[in-house]
Amino acid sequence: MQPACGIFDHISAQPPLDPYPLEFQDAYFGIQLHTNFRSCGHGQCRRLLKLKGTPDLLLLIAIDDTESSNPSKSKSKDPQHPFDVTNLEEASNMFKKMLKQRPRPSIVRFTQLLGQVAKLEHYSVAISWYKQITLLGMGLVPDACTLNIIVNCFCRLNQMGGSFSVLALFFKLGLQPDVTTLNILIRGLGQDNRVDEATSLVRKMEAFGEGCKPNVITFGTLIASCKQGQNDRAIQMLRMMEKNDCKPNVVVYSTIIDSLCKDKLVAKAFNLFSEMKSKGIPPNIVTYTSLFQGLCRLGQWKEASRFFEEMNNNGISPNVQTFSALVDCLCKGAS
DNA sequence: TTAGGGTTAG
């Protein structure tokens with residue numbers, strides 16, 4: 001319960017988890033109440049609320065752990081081939097089938113399906129199905145994979161209160177969030193224009209325990225959350241990651257280069273381009289396209305043409321984005 | 001042992 005408390009001093013969540021600091025004891029019920037209870041009025045939800053503060057949930061977890069710790073039992077249950085659902089209807093049919101199946105499929109199997117639904121961008125559906133399978137009546141207890149998917153679904157829906165409720169649930173269930181969990185939250189905060197909080201979270205990540213050290217994706221996400229006009233901040237973050245012994249890669253550099261080009265700071269972008277090459281980080285088609293577009297937008301056709309040639313000489317072939325950028329500039333009459 | 005996170009156009 002302890003590692004995250006300090007972090008919440010700097011992250012504001014929304015009801016029903018106020019006030020801080022969180023004790024986490026209401027987390028499980030909080031998320032149900034937050035997303036389900038108000039609208040559904042089902043008996044199951046009422047029962048859930050009545051159980052608040054009792055050890056029933058823990059008992060249930062203990063029962064589930066006993067079952068899943070028996071390898072012979074769990075192995076025979078589920079063939080582990082991935083689902084091949086291409087649309088929501090197929091996924092929905094599969095979900096209904098799984099609900100009727102006896103013995104009931106494991107949480108792993110349900111998690112696979114939730115992951116597919118989330119990939120299809122049906123985030124609300126994934127959350128709704130998650131709630132169904134974790135209601136006490138079904139007795140399935142989510143694992144860290146399940147929760148990561150749901151944290152991401154809330155983030156994608158721009159419902160950060162829901163995301164942080166699920167983070168609290170990690171602790172409630174004795175699960176360890178990992179760097180990916182936190183990266184998802186950082187992305188969500190950034191999209192919600194809460195870059196200060198995202199930065200604060202990055203600085204405190206290691207307090208979450210082992211496996212939560214910020215990585216190149218953490219910084220890449222944070223840098224990508226800097227909107228136009230925040231290039232200095234993005235570059236500061238680049239330096240911050242280097243100080244943290246985290247080597248920037250082509251994605252990190254390309255993100256900043258693109259942002260500089262969009263702000264017409266093409267010379268600065270080329271400085272970073274030189275910097276990355278001097279560090280042995282080879283630019284890719286994204287890097288080249290951003291710079292090429294930057295030159296085209298300024299109407300620097302000679303330079304653009306020379307740069308296009310350089311790109312080809314370096315074995316990078318233009319793609320549809322490269323040509324679209326060119327066509328767009330020509331149509332808009334940059335000169 | 002299943003899944004989840006960062007970059008380019010219009």
Side-chain angles (χ1 to χ4, degrees), chain A residues 68 71 74-75 77-83 105-119 123 126 130 140 142-156 163 166-167 170 175 177-191 198 201-202 205 211-212 214-226 234 237-238 241 246 248-262 269 272-273 276 281 283-294 296-297 311 316 318-332:
Chain A
S68 61
S74 51
K75 257 187 189 171
K77 271 186 206 167
D78 295 311
Q80 290 301 310
H81 56 83
F83 288 106
S106 66
I107 185 65
V108 171
R109 205 66 181 138
F110 277 105
T111 299
Q112 286 176 330
L113 185 61
L114 291 181
Q116 292 290 317
V117 174
K119 268 201 183 124
Y123 305 118
Y130 160 80
L140 277 168
D143 63 14
C145 297
T146 324
L147 296 188
N148 274 348
I149 292 169
I150 301 305
V151 172
N152 190 37
C153 287
F154 276 118
C155 281
R156 297 280 177 166
S163 293
V166 183
L167 178 63
F170 270 92
L175 298 168
D178 61 12
V179 63
T180 304
T181 320
L182 300 170
N183 286 349
I184 295 167
L185 289 167
I186 288 161
R187 185 182 182 279
L189 286 169
Q191 280 203 325
L201 180 55
V202 171
M205 272 171 73
C212 290
N215 60 17
V216 66
I217 295 182
T218 314
F219 288 104
T221 307
L222 191 61
I223 286 169
S225 72
C226 294
M237 289 172 182
L238 172 68
M241 78 182 286
C246 186
N249 62 8
V250 62
V251 176
V252 170
Y253 272 101
S254 299
T255 306
I256 307 175
I257 285 171
D258 183 63
S259 176
L260 286 166
C261 286
K262 286 202 165 81
L272 275 188
F273 183 64
M276 69 185 283
I281 303 164
N284 63 14
I285 183 60
V286 178
T287 332
Y288 276 106
T289 299
S290 295
L291 287 162
F292 178 67
Q293 189 187 31
C296 290
R297 275 188 178 146
M311 177 178 93
I316 308 283
N319 63 12
V320 64
Q321 274 98 340
T322 322
F323 284 116
S324 295
L326 174 62
V327 169
D328 184 52
C329 287
L330 288 170
C331 288
K332 284 176 180 158

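Sequence lines set the chain letters: A, B, ... in the order given, protein chains first and strands last, and positions in each chain run from 1.
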Side-chain donor or acceptor of A/Thr180 under 3.5 Å from a matching atom on the base of B/dG4? yes
Considering every strand and a 4.0 Å limit on heavy-atom distances, what is the contact class for A/Ile223: base, sugar-phosphate, or nothing? nothing
Can you sort out the partners of A/Tyr288 under ring-ring contact (aromatic ring centres under 6.0 Å, His included), two or more places apart, ordered by chain and number? A/Phe273, A/Phe307
At 4.0 Å (heavy atoms only), tell me whether A/Val216 reaches a base, stays on the sugar-phosphate, or touches nothing. base
From CD of A/Gln191 over to C1' of B/dG5, roughly how many Å is that when rounded to an integer? 12 Å
Side-chain donor or acceptor of A/Asn215 under 3.5 Å from a matching atom on the base of B/dG5? yes
Quick one: label A/Val252 by what it contacts on the DNA or RNA (base, sugar-phosphate, nothing), any heavy atom closer than 4.0 Å. base
Among all residues two or more places apart in sequence or in another chain, which pass the side-chain hydrogen bond (donor to acceptor under 3.5 Å, both in side chains) test with A/Thr180? none
Heavy-atom donor-acceptor pair, A/Asn148 side-chain to B/dG5 base, under 3.5 Å: no
May I ask you to verify whether the side chain of A/Ser290 and the base of B/dT8 hold a donor-acceptor pair under 3.5 Å? no
Looking for any heavy atom pair under 4.0 Å, which part of the strands does A/Ile184 touch: base, sugar-phosphate only, or nothing? sugar-phosphate
When you check the phosphate oxygens OP1 and OP2 of B/dG6, does a side-chain N or O of A/Arg187 lie under 4.0 Å from one of them? yes
Length of the NZ-C1' vector between A/Lys119 and B/dT2, whole Å: 11 Å
